[in-house]
Structures are given as C-alpha cells and as structure tokens.
Amino acid sequence: MKVPILKAVAMPPRLFWAPFIPAVANLSIQFPMMFITMALFDFNPLIFIGTIVPVHLLIIMFGVKEPHMSNMMKAWGPLSAASHNVYKSKGKKLAP
C-alpha cells in the first residue's frame, strides 16, 4: 500500500488543530451572525471573539478524543425515505 493513502487515513484534515468539517461549520455559522449583528446593531466585532474562540477550543478538545469526527459527520448524512412497494404489504421493505 502507498504511504499517502495511509497518511490520509491516519491523519484526517484539520483547520487550526480542529477537525475540518466541525471547524468550518462553526465558522460558517458564527461569521454570518457576526456580520449581521454588526450591520444591524453596530456592535464591535471583537465581542464575537468571545464566542468563536471557546467554541473552537471545544471542537479541538473533542477532536483530540475523536480525530475522525469529520468522517463521522459525513457518514451521518440524511436517512433514506421509506420505499414504495409495488405490492401491498405490511411494514417497510428494503426492496422497491
């Protein structure tokens, strides 16, 4: 097996020491809230450092415990809908 494949599996991507997807989700939620609050209420953006940094530190702590958190979030995904059966039957069937 090639080394880059093993390296990619062993060390998932990170953003500022946190798992990539949770860190991006944190920033993609908090930055728009910051800009909207700045536009509507004329707040100082440095106030939002008080929320962005602790949440990112919390994500780092969870990422140390579970380094593959990004892959777990990708695998979680939406659940499939119930199938519509051709023949009437009770319960849910796996086949269409």
Side-chain angles (χ1 to χ4, degrees):
M1 216 180 259
K2 294 182 180 180
V3 175
I5 294 172
L6 292 174
K7 187 175 182 181
V9 171
M11 185 53 71
R14 300 196 172 271
L15 180 67
F16 301 118
W17 305 283
F20 186 75
I21 292 178
V24 169
N26 174 36
L27 295 177
S28 67
I29 291 170
Q30 295 220 16
F31 277 161
M33 288 175 47
M34 177 179 69
F35 291 128
I36 290 170
T37 307
M38 283 171 35
L40 294 178
F41 305 112
D42 198 30
F43 275 151
N44 187 354
L46 292 177
I47 294 171
F48 284 92
I49 299 295
T51 60
I52 293 172
V53 172
V55 172
H56 193 76
L57 290 174
L58 187 69
I59 292 172
I60 290 172
M61 289 186 334
F62 283 127
V64 168
K65 185 176 181 182
E66 183 56 60
H68 296 281
M69 193 182 316
S70 295
N71 292 335
M72 290 170 47
M73 289 177 73
K74 284 190 280 189
W76 188 37
L79 299 175
S80 62
S83 64
H84 299 285
N85 295 327
V86 176
Y87 303 108
K88 295 250 182 207
S89 62
K90 292 184 178 179
K92 295 179 183 175
K93 305 291 182 187
L94 296 176

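Residues: numbered from 1 along the sequence shown.
- Criterion: ILVMFWY side-chain heavy atoms under 4.5 Å apart, direct or through other members. Under it, I29 and F43 are not part of a common hydrophobic cluster.
- I36 and L27 fall into different hydrophobic clusters, where Ile, Leu, Val, Met, Phe, Trp and Tyr side chains are chained together by heavy-atom contacts under 4.5 Å.
- Listed by chain and residue number, nothing satisfies the side chain to side chain donor-acceptor pair (under 3.5 Å) test with T37 (two or more places apart in sequence, or in another chain).
- Side-chain contact between P19 and P67 is absent, with no heavy-atom pair separated by less than 4.5 Å.
- In this structure, CZ on F48 lies 11.0 Å from CG on L46, to the nearest 0.5 angstrom.
- In this structure, D42 places its CG atom where only 12 or fewer heavy-atom neighbours from other residues, nucleotides or ligands lie under 6.0 Å away.
- Of the inter-residue distances, the one linking M69 atom CE with N71 atom CG reads 11.0 Å to the nearest 0.5 angstrom.
- Atom CG of L15 sits about 11.5 Å away from atom CD1 of I21, to the nearest 0.5 Å.
- Atoms CD1 and CZ, on I47 and F41 in that order, are 12.5 Å from each other to the nearest 0.5 Å.
- Crowding of M38 atom CE: a count of heavy atoms from other residues, nucleotides or ligands under 6.0 Å exceeding 12.
- Linking ILVMFWY side-chain heavy atoms closer than 4.5 Å, directly or via other members, places V53 and M34 in a single hydrophobic cluster.
- Following chains of ILVMFWY side-chain contacts shorter than 4.5 Å, one cannot reach L40 starting from F35, and the two form parts of different hydrophobic clusters.
- Residues satisfying the side chain to side chain donor-acceptor pair (under 3.5 Å) test with Q30, not counting sequence neighbours, are N26, T51.
- Between H56 atom NE2 and I49 atom CD1 the span is 12.0 Å, to the nearest 0.5 Å.
- Between I52 and F31, some side-chain heavy-atom pair lies under the 4.5 Å cut-off.
- Clustering of Ile, Leu, Val, Met, Phe, Trp and Tyr by side-chain heavy atoms under 4.5 Å joins I59 with V55.
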